[in-house]
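For ligands, and for the atoms within them, numbers begin at 1 and follow the listed sequence. As the structure is a prediction and not an experimental result, all values here were calculated from the model.
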Amino acid sequence: MTVQNLTEPVDSGAIQAGADQTAPVSNRPCSVAIDGPAGAGKSSIAKAAAKRFGFIYVDTGAIYRTVGLAAQRAGIPPEEAASVEAILPGLQIAFDYGADGTQRMILNGEDVSGLIRTPEISRYASAVAAVPAVRAFLLGLQRDMAQKCSVVMDGRDIGTVVLPDAGLKIFLTASVEQRAMRRFRELRQKGDASTYEQVLADMIARDELDTTRAAAPLRAADDAVPVDTSELTLDESVDRICGLIADRFGIAEGSANAADCGAGRDA
Ligand code: DC
């Protein structure tokens, strides 16, 4: 089941890229925005918390990674904003959810979920994410998801730009060394040969790019709750976030049903 197809016409019920960017974000179900730097544990924590409450987990980094992959395949230097912008109209980007809530990314009909998780595509993603046209292209898609479903959405600008009225905003951090070590272990498990020093250098470079870019730089929203996961295990981090969600919305775990929003059904 395709949740979104960016190149479908608007009247088909799908989201046209770049459309509806100023739509109000009121009258929507529960929205939890989780922002923070790479490797802070956002995706594992957000995914587990979403599952406990029956919310949809939206990994917005994966969407930027998919655009990064498209730029890499087109042979475009990702810093060349005009060239990146030129490929956007030809991109069909969709995502859907497996029975376990895993988000799958589809680029022009191909499942690219695994291909976008390489260090090279991390660099492409960070660079294309600095292009304002790319951010504008993806904004409506992200907001539409939160208008229809209760979501835990993670990224860099969710609390500041995408969902400024989110009921709960969390800024997740950890020391850069901890984040690099976690990412290094993940990559090694997948057979990637990068050294810890390379992963650390990449992490520092991405932090710099993500926080200093002009378009929607990574920063905590004024009303975000800071959570530092440096000294927390994954389970402790998830418990902390779930406690915040339960308190903020006055709800119990399992109170929503992600299947109502299309997750957990077969494609
Ligand atoms: O979370 P991630 O590492 O998968 O994200 C990949 C890149 O995408 C990251 O370097 C910054 C960018 N990104 C962004 O600019 N805004 C978002 N909401 C999510 C990711």
Side-chain angles (χ1 to χ4, degrees), residues 4 17 21 25 31-47 57-72 78-79 81 84 93 95 102-105 107 112-146 151-164 166 169-174 176 179-180 182-184 186-187 190 192 194 199-221 224 229:
Q4 309 287 0
Q21 291 162 20
V25 285
S31 293
V32 180
I34 303 187
D35 291 301
K42 295 188 302 294
S43 40
S44 315
I45 296 167
K47 188 175 172 186
Y57 163 53
V58 185
D59 173 0
T60 64
I63 308 175
Y64 286 95
R65 285 171 180 272
T66 302
V67 177
L69 177 68
Q72 186 246 21
E79 315 66 38
V84 173
I93 297 179
F95 56 96
T102 301
Q103 180 176 309
R104 240 171 25 125
M105 291 306 309
L107 173 61
V112 294
S113 313
L115 296 176
I116 59 174
R117 301 286 164 196
T118 66
E120 186 188 10
I121 297 304
S122 295
R123 288 190 287 275
Y124 268 85
S126 200
V128 300
V131 176
V134 172
R135 306 202 72 84
F137 185 76
L138 300 178
L139 191 56
L141 171 76
Q142 297 168 81
R143 282 188 177 164
D144 180 66
M145 204 63 203
V151 294
V152 179
M153 187 177 288
D154 82 15
R156 303 295 189 286
D157 62 338
I158 309 304
T160 52
V161 176
V162 179
L163 303 177
K169 301 178 188 178
I170 295 166
F171 196 76
L172 212 59
T173 53
V176 71
R179 294 189 283 116
R182 289 174 187 164
R183 189 52 57 89
F184 166 67
E186 265 172 35
L187 288 169
K190 288 190 215 158
D192 189 286
S194 307
V199 176
L200 179 64
D202 268 2
M203 193 73 81
I204 291 169
R206 281 178 69 199
D207 281 358
E208 173 73 11
L209 193 54
D210 293 347
T211 53
T212 60
R213 69 182 179 214
L218 168 66
R219 68 172 182 83
T229 65

Peer 1: Below 3.5 Å, N or O to N or O, backbone or side chain included: is there any such pair between R183 and ligand 1?
Peer 2: no
Peer 1: Will you find, in the side chains of T211 and R219, an N or O donor that is under 3.5 Å from an N or O acceptor?
Peer 2: no
Peer 1: Mark yes or no for whether D35, through its side chain, and D157, through its backbone, hold a donor-acceptor pair below 3.5 Å.
Peer 2: yes
Peer 1: Just to confirm my output: which protein heavy-atom neighbour is closest to atom 6 (C) of ligand 1, and how far is it?
Peer 2: R206 NH2, 3.4 Å
Peer 1: Relative to the heavy atoms of R135, which atoms of ligand 1 are at a distance of less than 4.0 Å?
Peer 2: 14 (C), 15 (O), 16 (N), 17 (C)
Peer 1: Under 4.0 Å from any heavy atom of D210, which atoms of ligand 1 are there?
Peer 2: 9 (C), 10 (O), 11 (C)
Peer 1: Evaluate the criterion salt bridge (Lys or Arg N to Asp or Glu O under 4.0 Å) for residue pair R183 and D207; output intermediate values, then yes/no.
Peer 2: CA-CA 14 Å; R183 189 52 57 89; D207 281 358; over 6 Å; no
Peer 1: Just by distance, no angles: are the side chains of D210 and S126 close enough, under 3.5 Å, to form a donor-acceptor pair?
Peer 2: yes
Peer 1: Check I116, T118, I93 against L69 for a side-chain contact (heavy atoms from CB on, under 4.5 Å) and give me the one that passes.
Peer 2: I116
Peer 1: Looking only at side chains, do S44 and R182 share a donor and an acceptor under 3.5 Å apart?
Peer 2: no
Peer 1: Hey, does the side chain of R104 reach the backbone of S113 with a donor-acceptor pair shorter than 3.5 angstrom?
Peer 2: no
Peer 1: How close does the nearest protein non-hydrogen atom get to atom 19 (C) of ligand 1, and which residue and atom is it?
Peer 2: T60 OG1, 3.3 Å
Peer 1: Looking at ligand 1, does any of its N/O atoms fall within less than 3.5 Å of an N/O of D154?
Peer 2: no
Peer 1: Using modelled atom types and a 3.5 Å cut-off, is there a donor and acceptor pairing between side-chain atoms of R143 and backbone atoms of V162?
Peer 2: yes
Peer 1: Who's the nearest protein heavy-atom neighbour of atom 4 (O) of ligand 1, and how far?
Peer 2: R65 NE, 2.6 Å
Peer 1: Among protein heavy atoms, which lies nearest atom 20 (C) of ligand 1, and at what distance?
Peer 2: G61 CA, 3.6 Å
Peer 1: So is there a nitrogen or oxygen of K42 less than 3.5 Å from a nitrogen or oxygen in ligand 1?
Peer 2: no
Peer 1: Would you check whether R213 has a nitrogen or oxygen atom less than 3.5 angstrom from a nitrogen or oxygen atom of ligand 1?
Peer 2: yes
Peer 1: By number and element, which atoms of ligand 1 are closer than 4.0 Å to a non-hydrogen atom of A129?
Peer 2: 12 (C), 15 (O)
Peer 1: Under 3.5 Å, is there a donor-acceptor pair between the side chain of K169 and the main chain of G159?
Peer 2: yes
Peer 1: Applying salt bridge (Lys or Arg N to Asp or Glu O under 4.0 Å) as the test, list every pair that has at least one member in residues 123-134; sequence neighbours left out.
Peer 2: R123-D202
Peer 1: For the 3.5 Å polar cut-off, considering only N or O atoms, please tell me whether D157 and ligand 1 meet it.
Peer 2: yes
Peer 1: At less than 4.0 angstrom from any non-hydrogen atom of A125, what atoms of ligand 1 do you find?
Peer 2: 6 (C), 7 (C)
Peer 1: Which part of R156 is near ligand 1, with near meaning a heavy atom under 4.0 Å away: side chain, backbone, both or neither?
Peer 2: both
Peer 1: Quick one: look up the protein heavy atom nearest atom 8 (O) of ligand 1 and list residue, atom name and how far away it is.
Peer 2: Y64 CB, 3.6 Å
Peer 1: Within the structure, does Q142 bring an N/O atom to less than 3.5 angstrom of an N/O atom in ligand 1?
Peer 2: no
